Amino acid sequence: MAWVLKMDEVIESGLVHDFDASLSGIGQELGAGAYSMSDVLALPIFKQEDSSLPLDGETKHPPFQYVMCAATSPAVKLHDETLTYLNQGQSYEIRMLDNRKMGDMPEITGKLVKSIIRVVFHDRRLQYTEHQQLEGWKWNRPGDRLLDLDIPMSVGIIDTRTNPSQLNAVEFLWDPAKRTSAFIQVHCISTEFTPRKHGGEKGVPFRIQVDTFKQNENGEYTDHLHSASCQIKVFKPKGADRKQKTDREKMEKRTAHEKEKYQPSYDTTILTECSPWPDTPTAYVNSSPSTAPAFTSPQQGTCSVPDSNSSSPNHQGDGVSQPSSEQLQPSATIQETQQWLLKNRFSSYTRLFSNFSGADLLKLTKEDLVQICGAADGIRLYNSLKSRSVRPRLTIYVCQEQPSGSPLQGRQLAGGGGEGSGGTPYVYHAIYLEEMVASEVARKLASVFNIPFHQINQVYRQGPTGIHILVSDQMVQNFQDESCFLFFTVKAENGDGIHIVLK
């Protein structure tokens, strides 16, 4: 055992001697002055260790790099994302660089790729309400765009396009093998999306994002290749220069120790890799009626959303669609939830809720929806999800008189407690009126009692001594709430259509 321990000591002392020998000479080569760690790491012993590490797979090598020719702010702390100040309407160059290694992505060699440049919100809260924010900006700045391409100054871009419905995006084709620079102009400023309170509000940050695609089998540029973005703030003309100068002067006043906590200012801004921006067209599901999924409920089979001819959009009526067909069920799939949003006039939020099932959407609180969709749409969506109905302005109860009974018999039955000659009680149907007009009465009577609406010529009310009084809008507005009516039909004088007589 003593021999074994002695051999261990000899081996250990030999390894220490070899390591000391490999480091010998560092002091002589660098002199008595300070030396840098990079010189030490350049020694053969460390090079051999680095060579044993895998060269590929540690970090993903991006195929492209986008560089915006605008200086970064010096007032950004270490490990925070860079921030770049831009002037409103000024042209800034974005260099589109091919960063592929030899043999990478040979399928795009010699071919064009498509890039989409967007200016979007940096804050998640504003991303949720992007559609409303941009619509408000469009209302205040009719005819303007948030983002434009300065085509005369740009180099190497082909087939530039701007969509009138997407004021914050531009797209173009370019060849990675050729020099390409896109000059952009941002026309919105950061304070335009800040609530006005007392002046001097802090502007919201934006992001410049570039998404690049290649052609698919059908020749469409939909296969995603690369995305990168950077954080910016946009000021009125010359405002970015003043802000950059102010930040620089503040940093100069700081001590050397404090300066170490901040990033230096760089002459250019390198866009960092990020997830692709959700593409609006692919976020919507097919909304054609032929393929629209039906909503099912435990009580009944396939249902459809009732149309305006139903007795009430918010209340049950016999013989018409039930309001449960309007209600989103917890069991609804993602596609069914998208269809529900479209049918209930929430199409602008289909992209936002593109991964929500019925249960996911129903779990959101009123506060969540207001924060995501804004006050107006958030409350409307909450009420729609909870199926909160609006009380009708007028409710009447109507029963159709049996064909076998004469008008005289009908009057006697109506006054005798509402039972037929055989003792069978009359069944009344509730009609809910919101518009309070005569045409609405005719339309909803036709819907409830399966009478062709186009065949109804007039609606009368039987008055004293059996006279027929034309039902006008003013008469409907003077109906007492929860009035009961029997009605019968008579053929029109010309034999074309029928009249309805209420009594």
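As the structure is a computational prediction, the values presented were derived from the model and not from experiment.
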What's the spacing between [X] [atom1] and [Y] [atom2] if we round to 0.5 Å?
{"X": "K363", "Y": "L385", "atom1": "NZ", "atom2": "CG", "result": "14.0 Å"}
{"X": "I208", "Y": "I184", "atom1": "CD1", "atom2": "CD1", "result": "4.0 Å"}
{"X": "W277", "Y": "S229", "atom1": "CH2", "atom2": "OG", "result": "9.5 Å"}
{"X": "Q88", "Y": "K238", "atom1": "CD", "atom2": "NZ", "result": "13.5 Å"}
{"X": "I270", "Y": "L97", "atom1": "CD1", "atom2": "CG", "result": "9.0 Å"}
{"X": "L381", "Y": "I379", "atom1": "CG", "atom2": "CD1", "result": "11.0 Å"}

For the pair [X] and [Y], find out whether any cationic side-chain nitrogen is under 4.0 Å from an anionic carboxylate oxygen.
{"X": "K366", "Y": "D368", "result": "no"}
{"X": "K250", "Y": "E252", "result": "no"}
{"X": "E81", "Y": "R207", "result": "yes"}
{"X": "E260", "Y": "K77", "result": "no"}
{"X": "K444", "Y": "E440", "result": "yes"}

Polar side-chain atom of [X] near backbone of [Y] as donor-acceptor pair, under 3.5 Å:
{"X": "Y92", "Y": "N87", "value": "yes"}
{"X": "D223", "Y": "K214", "value": "no"}
{"X": "S190", "Y": "V234", "value": "yes"}
{"X": "T212", "Y": "V210", "value": "no"}
{"X": "D377", "Y": "G374", "value": "no"}
{"X": "N99", "Y": "P62", "value": "yes"}

side-chain hydrogen bond (donor to acceptor under 3.5 Å, both in side chains) with Y85: which of D241, D247, T72?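 Running side-chain hydrogen bond (donor to acceptor under 3.5 Å, both in side chains) over D241, D247, T72 with Y85 returns exactly one hit, D247.
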Check whether the side chains of S227 and D211 place a donor and an acceptor atom closer than 3.5 Å, and report yes or no. yes
Quick one: ring-ring contact (aromatic ring centres under 6.0 Å, His included) pairs with a partner in residues 244-273, sequence neighbours left out?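 The answer is none; no pair qualifies.
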Set of ring pair (Phe, Tyr, Trp, His ring centres under 6.0 Å) partners for [X], sequence neighbours left out:
{"X": "F64", "result": "W174"}
{"X": "F346", "result": "none"}
{"X": "H226", "result": "Y66"}
{"X": "Y221", "result": "none"}

Any side-chain heavy atom of M68 within less than 4.5 Å of one from E93?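 Result no, sub-4.5 Å side-chain heavy-atom pair not found.
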Closest heavy-atom contact between [X] and [Y]?
{"X": "P176", "Y": "D98", "answer": "O-CB, 3.3 Å"}
{"X": "T269", "Y": "C230", "answer": "CG2-CB, 3.9 Å"}
{"X": "I117", "Y": "A182", "answer": "CD1-CB, 4.2 Å"}

What pairs of donor and acceptor atoms, side-chain ones from residues 142-158 against any protein atom, are under 3.5 angstrom apart with sequence neighbours left out?
from	atom 1	to	atom 2	distance (Å)
D144	OD2	R141	NE	3.1
R145	NE	L147	O	3.1
R145	NE	D148	OD1	3.4
R145	NH1	N163	O	3.3
R145	NH2	Q166	O	3.1
R145	NH2	A169	O	2.7
D148	OD2	H187	NE2	3.2
D150	OD2	S91	OG	2.6
S154	OG	D150	O	2.8
S154	OG	F183	N	3.1

Looking at the rings of H224 and F213, which for Trp means the six-membered one, are their centres under 6.0 Å apart?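 Close enough - the centres of the two rings lie under 6.0 Å apart.
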